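To start, the structure itself, in C-alpha cells.
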Amino acid sequence: MSAADSPTTEVSGQKILLDQVTKTYAGQHGAAVDNLTLEIPAGKIVMLVGPSGCGKTTTMKMINRLIEPTRGRIVVGDEDVTTIKGDDLRRRIGYVVQGAALFPHMTVAQNIATVPKMLGWSKDRISARIDDLLDLVSLDPALYRDRYPRELSGGQQQRIGVARALAADPPVLLMDEPFGAVDPITRQRLQEELLRIQEDLQKTIVIVTHDFDEAVKLGDWIVVFREGGHIVQYDTPDRILADPADEFVEHFIGSGAGLKQLTLTRVRDVQLADAVTVAPGTSSADALARAREAGHGHVVVLDDRERPLRWPSLRSLGRTTQVPGGLDPDLPVVGSTATLQDALDTMLVSSAGAALVTGRHDAFVGVITVEVIMDAIAAAREASGADDEDTPIGTNERPEEPAAAEEPA
Ligand SMILES: Nc1ncnc2c1ncn2[C@@H]1O[C@H](COP(=O)(O)OP(=O)(O)OP(=O)(O)O)[C@@H](O)[C@H]1O
C-alpha cells in the first residue's frame with residue numbers, strides 16, 4: 001500500500017544527493033552548474049533561489065534528468081539514478097511547472113490519471129485515486145473530474161497540476177516556479193495549501209522560485225545560488241534573514257528583512273486568544289451573558305461543523321433576540337498554516353484588528369490579534385540564530401582542491 005492511501009504523518013519523501021554535478025551546455029562558455037554537491041533532506045521543502053541564469057532550473061531538472069548532467073552523480077533515496085532510464089525516473093518524481101501545463105484535450109480526471117495509467121493501475125484504483133487527490137487539493141470531485149483545463153481558473157489548473165504530479169505518490173516533487181502565473185491572492189492560497197498538503201504527505205519538495213518571500217514562506221531550507229550554480233548560502237530562512245552570508249545575499253533578500261520576519265512565523269506557531277463560541281439560533285441573552293462573563297467584546301458564531309460564520313460584537317448582538325446565522329462574506333479568516341504576514345494582511349482589510357483562525361476542515365481554532373503578531377516578531381528576532389539544526393551539505397568545492405577563496409561579488 002502506498003503512503004498516500006493511508007492517513008500518515010510519516011516522512012514519505014526520500015533524500016536527494018547531487019554529488020559533484022556539472023552541466024555544461026554545448027556552445028556555452030563556462031558551466032551552467034559547476035561541480036555542485038547538494039544534499040536535500042527527506043521530507044523537507046528546499047527552495048532554489050538566485051538571479052536569472054544562475055542555474056536554478058538546470059539544477060532542478062538534473063534531478064529528474066530532464067537535463068542530463070555532464071558529470072557527477074545523482075542519488076535519490078539510496079539509489080544512484082544517474083544512469084537508469086530517464087522515463088522510469090520521471091515516473092517516480094512528480095513535476096509541476098508554471099501554468100500547470102495540463103493536457104488541454106484531456107479532462108481533469110484523465111490528466112491526473114496519466115502516470116497511474118502508464119504504471120498499469122486498475123481502473124478502480126485510478127478512479128479512487130483521482131477522487132482522493134481532488135479532495136486533497138480542495139476541489140470537489142463531482143464538480144471537477146470531467147471538466148477540461150480551459151474551464152478552470154489559473155489557480156484551479158495549478159491545483160490539478162499538483163494533483164497530477166502527486167498521482168502515483170512519488171517520494172519527490174519538483175516544482176518550477178509553480179505559482180508564478182497566478183495573481184497574488186491565489187498565489188497565497190496555493191502556497192498555504194501546499195504547506196497543508198505537505199504536513200500530511202511529507203514529500204521531499206524542491207522548488208525553483210524568483211520570489212524570495214515565497215522561498216522564506218515555503219522553505220525548510222533555502223539555497224541561494226550565484227551564476228554557475230555556485231552556492232552562496234544554504235541555510236534555514238530565519239538564519240539567512242538574520243545573517244546573510246554576504247552583500248550579494250543581503251541585496252537579494254532586499255532591505256525589508258525586518259518585515260520578512262513576518263513570513264517566517266506561522267499562525268499555528270503562536271499562542272492564539274480564545275473566544276466565546278455560539279451556534280446560530282442560540283438566545284442572544286445567553287450568548288451575551290457568556291461573553292460578559294469571559295470579558296470578551298465579541299462572540300464567534302460557528303456552524304454545525306465548527307466553521308466560523310459571523311463575529312458579532314456584543315453591541316450588535318444586543319439588538320437581536322437570537323444569534324444570527326448565515327456566512328458574513330467579509331469575515332476575516334486565516335488558516336493556521338498562513339504566515340503572520342498573511343494574517344496581518346487579512347486584519348488590515350477588516351476593521352477588526354484581529355482575525356479568526358481555522359485549522360483542519362476549516363474548523364475554528366482561535367483568534368489572532370495584532371498584539372500577538374507584534375510579540376511573535378520580537379520573539380522570532382531574538383530566537384533566529386539561536387538553534388543550530390544540522391545544515392545539509394551544499395558546496396561547489398572539489399575535495400582534492402585546496403579551498404580557494406571565492407571571488408568577491
Ligand atoms: N538548453 C540550453 N542551452 C544552452 N544554454 C542554456 C540552456 N539552458 C540554460 N542555459 C544557460 O545556462 C545558464 C543557467 O540557466 P538556468 O535556466 O538553469 O538558470 P535559472 O537560474 O533557472 O534562470 P531563470 O531564473 O532565468 O530561469 C544560463 O546562462 C542559461 O542561458
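Read the numbers this way: they start at 1 and go in the same order the structure lists the ligands and their atoms. Only heavy atoms go into these numbers, but all of them, side chains included; no hydrogens, no water, no symmetry mates. The model shown is predicted, which means the values in this text are computed figures rather than measured ones.
- Salt bridge status for D342 with R189: absent, with no side-chain N to carboxylate O gap under 4.0 Å.
- Remark: R65 pairs with E68, P69, I84, L89, R90 by the side chain to side chain contact (heavy atoms under 4.5 Å, CB included) rule, at least two apart or across chains.
- Taken to the nearest 0.5 Å, the CG atom of D169 stands 13.5 Å off from the CZ atom of R92.
- The pair R187-E192 does not meet the salt-bridge criterion, since no charged nitrogen lies less than 4.0 angstrom from a carboxylate oxygen.
- Within 4.0 Å of ligand 1, contacts by protein heavy atoms are made from Y25, Q28, A32, P51, S52, G53, C54, G55, K56, T57, T58, H210.
- Taking the charged nitrogens against the carboxylate oxygens, R129 and D132 have no contact shorter than 4.0 Å, which rules out a salt bridge.
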#### Entry: Test log, rule salt bridge (charged side-chain N to carboxylate O under 4.0 Å, His left out), inputs R398 and D34
CA-CA 10 Å; R398 291 167 175 79; D34 179 24; 3.0 Å; yes
